[in-house]
Amino acid sequence: MRGYLRPDGRIGIRNHLAVIYTVECAHHVAEMIARALPGAQVLGFAGCYSDPYAVRMLVELATHPNVGGVILVQLGCESTDVPALAHEIARRGQRVEMVGIQRVGGSRKAFEQGVATGASLRAAMAAGPDVALDWQAITVGVECGGSDATSGLAANPATGWAVDRLVEAGGSAIFSELPELLGCDEILFQRAAGREVAAAIRDGLERAQTLGNRLGAFAISAGNQEGGLTTIEEKSLGALSKSGTGRIDGVLKTAQRPAHPGLYLLDKVGEVDGTLVSHYEENDNDGLVSLMASGAQLLLFTTGRGSVVGSALAPVLKICGNPRTSARMADNIDVDAGPIVEGLATIPDVGRQIFALMAEVADGRLTKAEELGHEEYWIPYKPGRACDMA
Amino acid sequence: MTDHPVLVLHPADNVAVALVDLAPGRTVAAPDGTRVAVLERVAFGHKVALRAIGYGESVIKYGFPIGRATADIAPGAWVHAHNLGTTKANHRRT
C-alpha cells in the first residue's frame with residue numbers, strides 16, 4: 001500500500017483538493033469552483049453565526065490526511081472568522097487559500113480566482129502516492145446505518161472480524177454511536193482496557209440513556225423496527241459486534257484522535273443536564289464526519305435495509321447483511337454479507353473479504369460510493385453541549 | 001436456506017430470528033430440540049417465541065436481555081413492539 005505523507009506526519013489514502021464554503025451564501029460559488037476542478041470535493045458549514053463545533057469540524061476536515069489542499073470560499077459578512085480559520089489550518093501545515101466573494105466582486109470573479117487558486121494548489125500537491133503505507137498508519141471508522149435484524153447476524157460481526165485483524169496488524173479502529181450501545185453495558189465494561197476506560201464508558205452510557213429519555217425516543221428508527229428490531233437493547237447488541245471482540249483501549253471525545261494504535265470508542269454525547277437538548281448525531285453523514293474528525297482515513301459502513309451515502313473525504317465501504325437488499329441495491333454494496341444469513345458463508349469468510357478490500361481501497365481502489373460520486377458531508381449546529389469536544 | 005427457517009443465536013435465547021417469512025403452522029426447532037408451531041406470520045428478520053414468556057419476563061437474544069415482555073407471549077408467537085418493550089426508558093417508548 002502507498003499513501004500521501006502530510007506535514008503533521010499522518011498519511012492520507014486520498015489526495016483531495018477541498019473547496020470549503022464558510023456560510024450557505026457561498027455554497028453555490030464553491031460548487032462552481034469545484035466543478036471546474038474535476039475531483040475537487042465541496043464541503044462546508046451553512047450557518048452564518050459562528051459555532052465552536054462547526055469551526056472545529058472545518059479545521060479537522062481541512063487538515064484531514066486525505067486532503068492535500070484547501071480553498072476557503074467566504075461571502076465576507078458571515079460571523080465565522082474566516083481569516084482565523086485559514087490561519088489555524090495553515091498553522092497545522094496545510095496548504096490553504098481564501099476566496100472572498102464580496103471582496104473580489106461577485107460570483108464570476110470569485111469563480112475565476114477560485115479556479116486559478118485551485119490549479120496552483122493542485123500543482124503543489126503530490127501527483128501520486130509518495131510513501132509506503134502500512135496498517136499502523138491507518139485509522140478506520142466503523143458506522144452502521146439502515147440497520148435491520150441481519151445487521152447483527154452478518155454485516156456487523158463480519159466487519160468486526162476485519163476490525164480485529166486490523167488492530168492485530170497494528171492499525172486503529174474507532175466505533176461510536178453510544179446511544180446505540182445501550183444494553184451492551186456489561187460486555188463493554190468487560191472489554192475495557194482498565195478501570196478508567198470502563199468508567200468513561202459507563203459515564204457515556206448514562207448520558208446516552210438520559211439523552212434518549214429527554215428526547216423521548218431512543219436511536220431506533222421506524223425502518224429498524226420494520227426490519228425486525230424491536231428495542232434499543234436489541235439493536236445495540238447487533239451494532240456492538242461491528243467493533244469486533246477485542247480490548248477497548250480508550251474513549252475519545254469529539255475531534256480527539258487515538259494516541260496509540262488500538263480500538264477506541266468515540267463518545268460524542270455531550271452533557272444533557274441543561275435545558276437545551278439536541279441529538280448528538282443528526283444522521284449517518286454527521287456520524288461519518290465525526291469519525292473523520294477523529295482521524296479515520298477509511299470508513300466501513302454496515303447496513304441491512306440499504307444505504308447509499310458516501311463521504312467527501314474518506315472512502316466508504318458498504319457491507320450489507322441482508323441478501324435481499326444486497327441483490328436489490330447491488331450498485332451500492334461493496335461486500336455482500338448476505339451469504340452468512342443464508343448459511344452459505346461464515347463470518348470469517350466475509351470478514352476476510354472485507355479486510356482484503358480495505359487494503360485495496362487504502363491503496364487507491366475506488367469504493368462503490370466513490371464511483372457513484374457520493375460525496376456527502378453534514379456539519380450542523382450542535383446547540384448547547386450536544387458534543388463535548390476534546 | 002429452507003433447512004434453516006430460523007436462527008437461534010445463543011442457547012439461552014427464548015426467541016429465534018426468522019430467516020424466511022414464516023407462515024402460521026410452520027414448525028421450528030428450539031435449541032433443546034423442542035418443536036414449536038408458529039402461531040402467526042413472522043416476517044424475515046423478525047422474532048418468534050421459542051417458549052412461553054410471561055408478562056414482565058426478559059426476552060433473551062444473543063444471550064442477553066433485549067427488554068421485557070409487556071404481555072404474556074405464547075410459544076410460536078411473533079415477538080415485537082406489541083409485546084416487548086425496552087427497560088431503558090422512563091417514557092413508554094421502544
Side-chain angles (χ1 to χ4, degrees), chain A residues 147-154 156-157 179-188 205-206 208-241 304-305 321-325 338-344, chain B residues 1-10 12-22 28-29 38 40-49 53 56-71 73 77-94:
Chain A
S147 299
D148 69 10
T150 68
S151 300
L153 310 182
N156 287 339
E180 292 163 61
L181 292 170
L182 291 174
C184 304
D185 313 35
E186 291 308 319
I187 309 173
L188 288 167
L205 287 169
E206 280 169 6
Q209 186 166 348
T210 306
L211 177 67
N213 278 299
R214 288 285 295 278
L215 292 169
F218 288 111
I220 178 158
S221 71
N224 295 152
Q225 292 208 327
E226 207 181 303
L229 298 173
T230 310
T231 63
I232 186 60
E233 296 95 310
E234 181 181 19
K235 181 180 175 181
S236 296
L237 286 162
L240 173 66
S241 59
R305 297 185 66 79
N322 185 326
R324 298 177 190 186
T325 305
I340 296 171
V341 174
E342 296 169 309
L344 302 172
Chain B
M1 197 164 167
T2 44
D3 297 342
H4 306 281
V6 295
L7 182 64
V8 183
L9 289 154
H10 189 276
D13 290 359
N14 53 17
V15 291
V17 183
L19 295 180
V20 295
D21 293 325
L22 295 173
V28 298
V38 176
E40 55 199 319
R41 183 180 176 275
V42 179
F44 170 80
H46 285 243
K47 296 173 289 300
V48 59
I53 305 168
E57 208 181 315
S58 287
V59 172
I60 311 285
K61 183 183 169 186
Y62 298 103
F64 289 92
I66 61 166
R68 282 202 192 96
T70 54
I73 303 173
W78 175 40
V79 179
H80 201 38
H82 60 291
N83 54 14
L84 166 61
T86 180
T87 62
K88 295 291 175 186
N90 305 329
H91 59 280
R92 289 187 58 80
R93 293 281 185 85
T94 51

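All values below were derived from every heavy atom in this structure, side-chain atoms included, with hydrogens, water molecules and symmetry-related copies excluded. A quick note: this is a predicted structure, and the numbers were derived from the prediction, not measured. In the text below, chain A, chain B and the rest are named by the order of the sequence lines, each starting its count at 1.
- Of all non-hydrogen atoms in B:H80 and A:T230, the two that sit nearest each other are ND1-OG1, 2.7 Å.
- Heavy-atom distances place the side chain of A:D185, and not its backbone, under 4.5 Å from chain B.
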Point to revise | Stepwise side-chain contact (heavy atoms from CB on, under 4.5 Å) check, B:Y62 with A:L240 | key: CA-CA 11 Å; B:Y62 298 103; A:L240 173 66; over 6 Å; no
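- Of the atoms belonging to B:V59, not a single heavy atom falls under 4.5 Å from chain A.
- Here the side chain of A:Q209 pairs a donor or acceptor atom with the backbone of B:K88 at under 3.5 angstrom.
- Between chain B and the options A:G238, A:S241, A:G304, A:G343, heavy-atom pairs under 4.5 Å are most frequent for A:G238.
- B:F44 CZ to A:T150 OG1: the interatomic distance, rounded to the nearest 0.5 Å, is 5.5 Å.
- Neither the backbone nor the side chain of A:E186 comes within contact range of chain B; no heavy atom of the residue lies under 4.5 Å from a heavy atom of that chain.
- Of the possible donor and acceptor atoms, one in the side chain of B:H46 sits under 3.5 Å from a partner among the backbone N and O of A:E226.
- The minimum heavy-atom distance linking B:G45 with A:A149 is given by the pair O-CB, 2.8 Å.
- In this structure, chain B has a heavy atom under 4.5 Å from the side chain of A:I187, while its backbone stays farther away.
- Considering every non-hydrogen atom in both A:L237 and B:K61, the closest pair reads CD1-O, 4.0 Å.
- Counting heavy-atom pairs closer than 4.5 Å to chain A, the top residue among B:T87, B:L7, B:L9, B:V17 is B:T87.
- Looking at B:T86, its side chain never comes within 3.5 Å of a backbone N or O of A:I232 through a donor-acceptor pair.
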